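So that we are looking at the same thing, I have put the structure below in structure tokens.
Predicted model, so just to flag it, every value in this text is computed and none were measured.
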Amino acid sequence: MIISCQNVQKYHGAQLVLENITFDIRQGEKIGLIGRNGCGKTTLFHLLSGEERPDQGQISIRRNSVIGLLAQIQEASDDETVYAVLQRSFVEPLQWQRRLRELEQTMSASGASDDEQAWNRLLKEYGNLQEKFEAAGGYEIESSISRIATGLGIGSGQYDRRFSSLSGGEKTKVGLAELLLRRPDILLLDEPTNHLDMDAIEWLEQFLQSYDGTVLAISHDRYFLDAVVKKVIEIEDGEAFTFHTNYSGYQVEKEARLLQQFADYQEQQKKIKQMQESIKRLIEWGKLNPQNVSFPRRAASMQKALDRMVRVKRPVLERKSMDLQLEQDDRTGNQVVILDQISKAFGERKLFSAASDILRYGETTALIGGNGAGKSTLLRIILGQEAPDSGSCTLASRAVVGYLAQEAVPEENGQSVLRYFREEAGLEEGEARGQLARFLFYGSDVFKNITNLSGGEWTRLRFAVLMHRRPNLLILDEPTNHLDIDSREALEEALEEFPGTVLAVSHDRYFINRCFAKLWNINSGQFSSFSGNYEYYKEKQAEKAAAAERQATAGSTAAAVSKPRPAGGAASAVPSRKPRPAASWEQDIAAVEAQLSVIDGEMLNPRFASDSGKLAELMTARDAAQQKLDDLYSSWLSEADNS
């Protein structure tokens with residue numbers, strides 16, 4: 001056992017944050033720590049890292065274990081560079097390296113003949129240091145830094161930047177890289193996927209899957225939790241509940257536990273009621289028969305048994321979450337957003353060029369791409385906040401836009417939650433407080449200064465304003481950032497019921513898979529459109545990569561075959577092309593059939609029943625896919641006949 005928590009209790013002032021935390025963690029386990037915002041997850045991390053001490057209970061950590069905590073606020077001296085921060089993990093090896101260089105200079109300046117005894121001392125020190133340096137991976141320092149920094153999207157061009165000049169997200173990313181380079185025995189990661197793009201998140205998942213140490217991660221990224229963790233610890237009402245599975249398994253097991261707990265609660269309540277009625281009857285019989293002392297004794301004995309009974313807690317089958325209901329006053333025409341050959345660059349850096357597509361009424365489209373690819377810039381062009389270098393963007397004439405910016409920080413104007421919402425929504429105080437309660441702002445919460453709100457609270461407040469405006473075109477920039485899982489699920493349910501059009505930038509793959517049937521991708525300065533969710537997109541990307549690899553292999557084989565051979569006889573004959581394996585044909589055919597299945601599903605979607613333009617587009621795509629399928633079958637049969 002590397003970590004053991006027994007009956008841990010922690011107060012913040014008079015508020016009880018953690019009431020009875022008990023769990024055990026074994027060496028090498030990958031664990032997800034989940035729970036609503038404010039339930040005490042970060043407080044538990046501070047207890048495990050030793051930054052705080054529990055008020056009651058005991059935390060045991062295996063002796064000499066090195067703990068690494070990803071801090072929310074990264075600190076460095078004013079003149080410290082990004083590369084210097086990344087080198088922090090190698091302080092001792094770098095000191096040894098400097099000493100080795102000094103010894104090399106000393107030995108080259110002097111000679112063995114000058115002082116044999118001193119020379120031997122230098123040689124011994126050099127040998128010991130070199131051995132320690134090699135054992136600590138000293139010769140791989142630069143390659144290790146490059147591998148992890150590149151994986152997390154920190155380019156070598158950032159190495160010389162002053163750390164203090166980075167944004168908060170960039171600092172967190174560098175801090176994560178520095179922590180991974182340290183390779184501690186216990187990794188405590190608080191929202192590690194924040195500020196990472198999809199490629200970096202997938203790299204991090206692979207890194208953690210093969211990590212030798214113990215990983216405990218606070219995360220609301222359900223896709224990440226499924227990929228990495230094999231155990232889930234949920235903090236709820238100050239207690240810890242352990243599930244030996246990933247997040248998807250946790251959902252199933254949690255529901256089963258709640259139903260069983262509710263059945264146990266009902267059964268116990270029935271028994272308690274029967275005992276209370278029996279006690280009441282015994283007391284009444286005792287009053288009617290004062291000479292019979294057995295009735296009061298039996299009543300007292302039963303009451304003691306009732307008092308000693310361990311009560312089953314009534315489970316909350318459905319906890320309150322953000323009540324987001326997105327409605328529109330009026331619908332737009334069929335073509336909601338038209339991108340026509342849009343290009344944008346900043347200096348020599350091209351974001352995208354010739355971006356063209358049509359976003360139709362009722363479509364849900366996710367805009368994906370790496371950090372800095374130009375996603376938010378494209379949203380600002382669509383909103384008219386920024387002009388493209390060339391091309392044009394047109395919105396439907398009746399489009400009412402509801403825009404949620406990514407990191408819109410509240411202004412320092414002393415406004416309370418209630419005042420801000422009343423001014424934005426134009427409501428009286430009573431109605432405004434009722435609306436805010438739907439977004440989990442109760443009682444004194446409405447008098448909080450908006451500048452003191454957490455990221456999740458500020459996002460919920462902006463959704464409350466957005467809902468009141470009743471838009472028919474939603475443009476959302478990283479809407480799930482800072483939201484806990486319950487709030488993310490409430491947003492997903494609201495988007496599924498929303499009749500209008502949705503365009504959202506997101507790195508949340510679970511969110512994209514559930515809510516979006518179309519992807520816009522900006523990659524290496526190129527804009528592309530794809531019909532399907534994220535899982536289907538990744539599948540097609542993998543197929544494309546495999547096809548490119550097969551083509552490259554075939555090309556190199558053809559080149560080898562076409563080389564001149566010695567003249568004469570059968571040796572000069574060119575061998576016939578080797579037929580493709582049946583599995584290769586079947587793989588390509590299955591891919592096209594899957595594409596046809598997706599298109600057929602979209603054509604049956606009630607949302608497009610009255611949309612002749614969309615149906616015509618789907619029919620064209622279906623005809624093309626069917627033709628491709630026919631060609632594949634024809635080519636396969638032809639090759640089989642010739643072989």
Review point. With a cut-off of 6.0 Å (strictly less than), are more than 12 heavy atoms of other residues, nucleotides or ligands near CD of Glu428?
Key: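 Result for CD/Glu428: open.
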Exercise for review: Report the distance from atom CD of Glu236 to atom CD1 of Ile34, rounding to the nearest 0.5 Å.
Suggested key: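 Glu236 atom CD to Ile34 atom CD1 measures 9.0 Å (nearest 0.5 Å).
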**Study point:** Closest non-hydrogen atom pair between Pro192 and Leu204, with its separation
**Key:**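 Looks like CB-CD2, 4.0 Å.
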Review point. Hey, what do you get for CG (Leu483) to OG (Ser321), rounding to the nearest 0.5 Å?
Key: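 With rounding to 0.5 Å, CG (Leu483) is 11.0 Å from OG (Ser321).
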Practice item. Take Glu234 and Lys254 through the test salt bridge (charged side-chain N to carboxylate O under 4.0 Å, His left out) and record every step on the way to the result. Key: CA-CA 10 Å; Glu234 181 182 27; Lys254 173 73 181 290; 3.1 Å; yes
Practice item. Any salt bridge (Lys or Arg N to Asp or Glu O under 4.0 Å) involving residues 37-50? Give me the pairs, sequence neighbours left out, ordered by first then second residue. Key: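 For residues 37-50, and leaving out neighbouring residues, there are no salt bridge (Lys or Arg N to Asp or Glu O under 4.0 Å) pairs at all.
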Check your understanding: Given side chains that start at C-beta, do those of Tyr250 and Leu225 come closer than 4.5 Å, heavy atoms only?
Key ->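 Heavy-atom side-chain distance check fails, nothing below 4.5 Å.
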Point to revise | Chi angles and distances behind the side-chain contact (heavy atoms from CB on, under 4.5 Å) call for Ile186, Leu216 | key: CA-CA 8 Å; Ile186 302 169; Leu216 188 54; 5.6 Å; no
Review point. Do you know which two heavy atoms are closest between Phe224 and Ala217, and how far apart they sit?
Key: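 In this case the closest contact between Phe224 and Ala217 is CE2-CB, 4.2 Å.
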Point to revise | Minimum heavy-atom distance Ile512-Asn533, with the two atoms named | key: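 Taking Ile512 first and Asn533 second, the nearest heavy atoms are O-CB, 4.4 Å.
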**Study point:** Arg514 vs Glu535, salt bridge (charged side-chain N to carboxylate O under 4.0 Å, His left out): CA-CA, chis, key distance, verdict
**Key:** CA-CA 10 Å; Arg514 178 171 176 180; Glu535 280 294 332; over 6 Å; no
Review point. Which is it for Phe463 and Leu491 under the side-chain contact (heavy atoms from CB on, under 4.5 Å) test, yes or no, and what are the steps along the way?
Key: CA-CA 9 Å; Phe463 268 121; Leu491 171 60; 3.7 Å; yes
Review point. Given side chains that start at C-beta, do those of Met467 and Gln435 come closer than 4.5 Å, heavy atoms only?
Key: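 In contact.
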Check your understanding: Within the side chain of Asp226, is there an N or O that forms a donor-acceptor pair under 3.5 Å with the backbone of Tyr247?
Key ->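 It does hold such a pair.
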Check your understanding: Say you draw a straight line from CD of Glu170 to OG1 of Thr172; how long is it, rounded to the nearest 0.5 Å?
Key ->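 It comes to 10.0 Å.
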Point to revise | Over 12 foreign heavy atoms within 6.0 Å of CD, Glu497 | key: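 At most 12 heavy atoms, drawn from other residues, nucleotides or ligands, come within 6.0 Å of this atom.
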Review point. Are Arg257 and Phe243 in a cation-pi contact, defined as NZ or CZ under 6.0 Å from the six-membered ring centre and within 45° of the axis?
Key: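 Here Arg257 passes the 6.0 Å and 45° test against Phe243.
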Review point. Taking everything shown except Arg161 itself, do over 12 heavy atoms lie less than 6.0 Å from its CZ?
Key: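 It does: Arg161 CZ has more than 12 such atoms within range.
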Exercise for review: Indicate yes or no: at least one non-hydrogen side-chain atom of Leu418 is less than 4.5 angstrom from one of Arg433.
Suggested key: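 Leu418 reaches Arg433 side chain to side chain.
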Check your understanding: Looking just at side-chain N and O atoms, do Gln6 and Ser4 make a donor-acceptor pair shorter than 3.5 Å?
Key ->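 Ser4 and Gln6 do have a side-chain donor-acceptor pair below 3.5 Å.
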Check your understanding: Is the shortest heavy-atom distance from the side chain of His220 to the side chain of Asn37 under 4.5 Å?
Key ->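 His220 reaches Asn37 side chain to side chain.
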Practice item. Rounded to the nearest 0.5 Å, what's the gap from CG on Leu180 to CG on Leu187? Could you check? Key: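 So the CG of Leu180 and the CG of Leu187 are separated by 6.0 Å.
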Check your understanding: Hey, is the main chain of Val400 close enough, under 3.5 Å, to the side chain of Asn472 for a donor-acceptor pair?
Key ->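 Such a contact is found between Asn472 side chain and Val400 backbone.
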Check your understanding: Would you say the side-chain atoms of Ser49 pair up with the backbone N or O of His46, donor to acceptor, closer than 3.5 Å?
Key ->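 The answer is yes, because a donor-acceptor pair under 3.5 Å joins these two groups.
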Practice item. For residues Ser376 and Asp477, report the shortest heavy-atom separation together with the two atoms involved. Key: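 Here Ser376 and Asp477 meet closest at OG-OD2, 2.8 Å.
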For residues 207-215, dump all side-chain donor-acceptor pairs below 3.5 Å to protein atoms at least two apart in sequence or in another chain.
unit_1	atom_1	unit_2	atom_2	d
Gln209	NE2	Ala227	O	2.8
Ser210	OG	Gln206	O	3.2
Ser210	OG	Phe207	O	3.2
Tyr211	OH	Pro184	O	2.4
Thr214	OG1	Gly28	N	2.9

Exercise for review: Ignoring hydrogens and angles, tell me if any N or O in the side chain of Asp55 forms a donor-acceptor pair with the backbone of Tyr11 under 3.5 Å.
Suggested key: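 Pair found, side chain donor or acceptor close to backbone of Tyr11.
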Practice item. Would you please classify the geometry between the Tyr223 ring and the Tyr534 ring as parallel, tilted or perpendicular, with 30° and 60° separating the classes? Key: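 The arrangement is perpendicular - the two ring planes meet at more than 60°.
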Check your understanding: Applying salt bridge (Lys or Arg N to Asp or Glu O under 4.0 Å), which residue pairs with at least one partner in residues 307-316 are found, sequence neighbours left out?
Key ->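 Listed once each, the pairs are Glu239-Lys313.
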Practice item. Decide yes or no for Phe262 and Leu259: does some side-chain heavy atom of the first lie under 4.5 Å from some side-chain heavy atom of the second? Key: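 Not touching, per the 4.5 Å side-chain cut-off.
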Check your understanding: Do Phe241 and Phe23 make the cut of ring centroids closer than 6.0 angstrom?
Key ->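 No: the rings miss the under 6.0 Å criterion.
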Practice item. Flag the pair Tyr420 / Trp458 as yes when their ring centroid distance falls below 6.0 Å, and as no otherwise. Key: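 Ring-ring flag for Tyr420/Trp458: true, centres closer than 6.0 Å.
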Point to revise | Test salt bridge (charged side-chain N to carboxylate O under 4.0 Å, His left out) applied to Arg182 - qualifying residues, sequence neighbours left out | key: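 For Arg182 the salt bridge (charged side-chain N to carboxylate O under 4.0 Å, His left out) partners, ignoring immediate neighbours, are Glu178.
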Review point. Does Arg162 use its side chain to pair, donor to acceptor, with the backbone of Asp79 at less than 3.5 Å?
Key: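 Answer holds: no.
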Point to revise | For Leu48 against Ile67, the heavy-atom pair lying closest together | key: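 So the two residues come closest at O-CD1, 3.4 Å.
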Exercise for review: Determine yes or no for a side-chain-to-main-chain donor-acceptor pair under 3.5 angstrom, with Lys231 supplying the side chain and Asn246 the backbone.
Suggested key: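 Side chain of Lys231 to backbone of Asn246: no pair is present.
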Practice item. Enter the distance from Leu176:CG to Leu70:CG here, rounded to the nearest 0.5 Å. Key: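 Going from the CG atom of Leu176 to the CG atom of Leu70 covers 5.5 Å.
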Practice item. Would you list the pairs meeting salt bridge (Lys or Arg N to Asp or Glu O under 4.0 Å) in which at least one residue belongs to residues 56-67, sequence neighbours left out? Key: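 For residues 56-67: none.
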**Study point:** Name of the residue among Asp486, Asp484, Asp237 meeting salt bridge (charged side-chain N to carboxylate O under 4.0 Å, His left out) with Arg36
**Key:**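 Answer to the salt bridge (charged side-chain N to carboxylate O under 4.0 Å, His left out) test with Arg36 among Asp486, Asp484, Asp237: Asp486.
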**Study point:** Gln325 and Asp323: side chain donor to acceptor below 3.5 Å
**Key:**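 Short answer, yes.
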Practice item. Determine, stepwise, if the pair Leu474 / Leu466 fulfils side-chain contact (heavy atoms from CB on, under 4.5 Å). Key: CA-CA 9 Å; Leu474 283 174; Leu466 198 64; 3.8 Å; yes
Review point. Relative to each other, are the rings of Phe516 and Phe511 parallel, tilted or perpendicular (30° and 60° limits)?
Key: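 Perpendicular: the ring planes of Phe516 and Phe511 meet at over 60°.
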**Study point:** Donor-acceptor contact present, side-chain Ser487 to main-chain Met322, <3.5 Å
**Key:**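 Not confirmed, Ser487 side chain does not pair with Met322 backbone.
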Point to revise | N/O donor-acceptor pair under 3.5 Å between Asp197 side chain and His507 backbone | key: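 Judged by distance alone, no pair lies under 3.5 Å.
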Exercise for review: Please tell me if the side chains of Leu495 and Thr364 come closer than 4.5 Å, counting only heavy atoms from C-beta onward.
Suggested key: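 The answer is no, as the side chains (C-beta and beyond) never meet within the 4.5 Å cut-off.
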Point to revise | Heavy-atom side-chain contact between Gln58 and Val8 under 4.5 Å | key: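 Gln58 vs Val8: side chains apart.
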Point to revise | Atom pair OG/CD of Ser278 and Gln303 - distance to nearest 0.5 Å | key: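 Those atoms lie 11.5 Å apart.
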Practice item. Heavy atoms only: give me the nearest Ile283-Ala299 pair and the separation to one decimal. Key: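 So the minimum-distance heavy-atom pair works out to CG1-CB, 3.9 Å.
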Check your understanding: Is any side-chain heavy atom of Asp508 less than 4.5 Å from a side-chain heavy atom of Arg488?
Key ->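 Yes. Closest side-chain heavy atoms under 4.5 Å.
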**Study point:** salt bridge (charged side-chain N to carboxylate O under 4.0 Å, His left out) partner of Glu424, chosen from Arg469, Arg419, Arg462
**Key:**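 Between Glu424 and the candidates, salt bridge (charged side-chain N to carboxylate O under 4.0 Å, His left out) is satisfied uniquely by Arg469.
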Review point. Which pairs count as salt bridge (Lys or Arg N to Asp or Glu O under 4.0 Å) when at least one residue sits in residues 442-460, sequence neighbours excluded?
Key: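 Applying salt bridge (Lys or Arg N to Asp or Glu O under 4.0 Å) to every pair that reaches into residues 442-460, excluding sequence neighbours, yields Lys448-Glu457.
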